[in-house]
Amino acid sequence: MTTWLPDIQQGHGPLYARIADQIERAIGNGALPVGTKLPPQRNLAYDIGVTIGTIGRAYNIVRERGLVSGEVGRGTYVLDRPESRPPEQADPLTTSLAGTRPIVAPPGKLRFDSTAAPDIGQGDILARLLGDISREHHADIASYARNFPDHWFEAGAQWLASGSFRPAPECIVPTLGAHAAVIAVISAVTSPGDRIAFETLTYSQVSRSAGLIGRRIALMASDGFGLIPEDFERVCAQQHPKLAFLMPSAQNPTVAIMPLDRRQAVAEIARKYGVWLVEDNLYGSMTGDPIPLLADLAPERTFLVGGLSKSVAAGVRGGWVACPPHFSQRIRIAHKMISGGLPFLLAELCARLVLSGSASALRSRGVEEIGERVALAREIFAGFEFNSHPKVPFLWLKLPEPWLSGTFKQAALQEGVLIDDEDEFKAGRADHVFHRIRIGFSSPARRADVETGFQVLRRLLDSGRTGYDSFD
């Protein structure tokens with residue numbers, strides 16, 4: 001067994017990816033010769049001051065690259081034919097952009113790593129509407145969307161309305177989903193090198209996308225009530241972000257709902273420092289949260305984003321952004337530049353779903369199904385600490401000792417269940433360790449499958465590390 005140690009200060013991307021890259025370089029330059037036994041995961045984690053889950057993910061990467069083999073009870077050894085590794089697994093940039101989820105999910109697993117709208121029979125409604133559109137617009141669906149009819153904007157205004165807030169149709173931009181809407185806003189109102197502020201835990205695919213187009217990341221602290229305004233102001237004063245991405249209602253992954261006084265404080269701080277706000281209300285639209293939106297409190301600087309993926313149907317790629325006055329044209333052009341344009345078929349389908357009332361009806365039915373699954377989760381995971389909401393399709397569970405987030409995720413995978421560890425939601429490098437996992441439960445088609453997956457995870461939680469054996 002070697003005494004080789006990686007330098008965790010070198011490289012780019014997530015820590016586990018940098019460690020994997022250094023193992024690959026050490027094998028390539030002979031520092032780790034063929035047949036060498038790598039340090040046990042626990043030992044290496046202790047020696048360089050990281051979690052065992054980080055080392056486990058690094059070892060998994062080099063194993064997938066064909067560089068090492070692992071045998072239960074014997075350890076992990078350098079192979080003699082590294083050239084046989086699959087080339088698509090050897091790109092560290094791809095690994096860092098993908099987060100902690102596999103680029104291609106392994107087949108035959110229960111998907112508890114997704115929060116797409118549950119299957120409640122929306123296929124029949126979609127088929128009927130698509131047939132109508134095909135008959136009525138057979139020329140339009142065969143070409144680019146050159147004209148944007150007024151009802152596309154009216155649909156977005158209706159879907160994004162909340163409480164006393166109702167955006168004007170002329171402020172609406174239809175988009176290819178909420179993610180594309182957010183990136184269009186970032187692209188339009190910031191420049192490469194600008195800082196974008198994120199909560200430490202958030203929908204990190206946005207932060208990774210922002211980094212890909214040259215924006216820098218600033219991290220803000222949160223607690224059980226969402227973003228801490230004092231830390232938002234500290235970041236504004238010290239790092240001067242141009243924009244902050246927030247999810248005030250049913251925050252992903254913490255489920256936190258920001259109270260009114262904090263929203264008011266955030267709005268005032270954004271005004272004081274000239275910071276744009278992007279408010280993602282995908283889950284908030286499902287909760288019926290009566291607290292005013294940031295877009296209601298600071299309409300002159302807030303871009304409100306919503307869509308159909310979590311509450312109606314993910315596959316229709318329906319999204320809208322409500323812009324501050326005079327910004328809709330800029331966002332519309334930015335969205336076209338980054339996405340290639342909006343397909344007529346999908347935009348018309350999403351508008352008809354909303355304006356016919358079908359989208360609201362499907363959301364109500366979906367929320368009802370989610371409520372049944374939340375009740376099941378609360379029963380099965382009773383005794384453990386977790387955050388949940390009766391209308392939100394995921395929970396944020398704190399792991400008992402001695403589980404680590406990444407290790408538990410790997411153990412769940414071996415038992416046939418895909419979940420998300422906390423690193424999937426970190427917008428950047430952070431010192432704080434939460435020892436939590438997110439369990440999304442809307443993807444399985446049958447409630448019985450949801451219960452089966454919950455029971456698997458419960459058994460793992462009860463068994464502790466004795467129920468899981470890694471390669472070391």
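Being a predicted model, the structure only gives us computed values, none of them experimental.
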Is the ring pair [X]/[Y] parallel, tilted or perpendicular, if the boundaries are 30 and 60 degrees?
| X | Y | result |
| --- | --- | --- |
| F381 | F386 | perpendicular |
| F454 | F112 | perpendicular |
| W159 | W320 | tilted |

Looking at [Y], is its backbone amide N or carbonyl O close enough to the side chain of [X] to form a donor-acceptor pair, meaning the two atoms are under 3.5 Å apart?
| X | Y | value |
| --- | --- | --- |
| D296 | L293 | no |
| R111 | S443 | no |
| W396 | I439 | no |
| R215 | I213 | yes |
| S204 | S207 | no |

Would you call [X]-[Y] a salt bridge at under 4.0 Å N-O?
| X | Y | value |
| --- | --- | --- |
| R365 | E369 | no |
| R42 | D47 | no |
| D289 | R263 | yes |

For the residue pair Q410 and T407, confirm or rule out a side-chain donor-acceptor distance under 3.5 Å.
no
F198 vs Y203, test: ring pair (Phe, Tyr, Trp, His ring centres under 6.0 Å). Steps then yes/no.
CA-CA 9 Å; F198 294 89; Y203 175 59; 9.7 Å; no
Residue K336 excluded, over 12 heavy atoms near NZ under 6.0 Å
no
Within 6.0 Å of CG in D150, more than 12 heavy atoms from elsewhere:
no
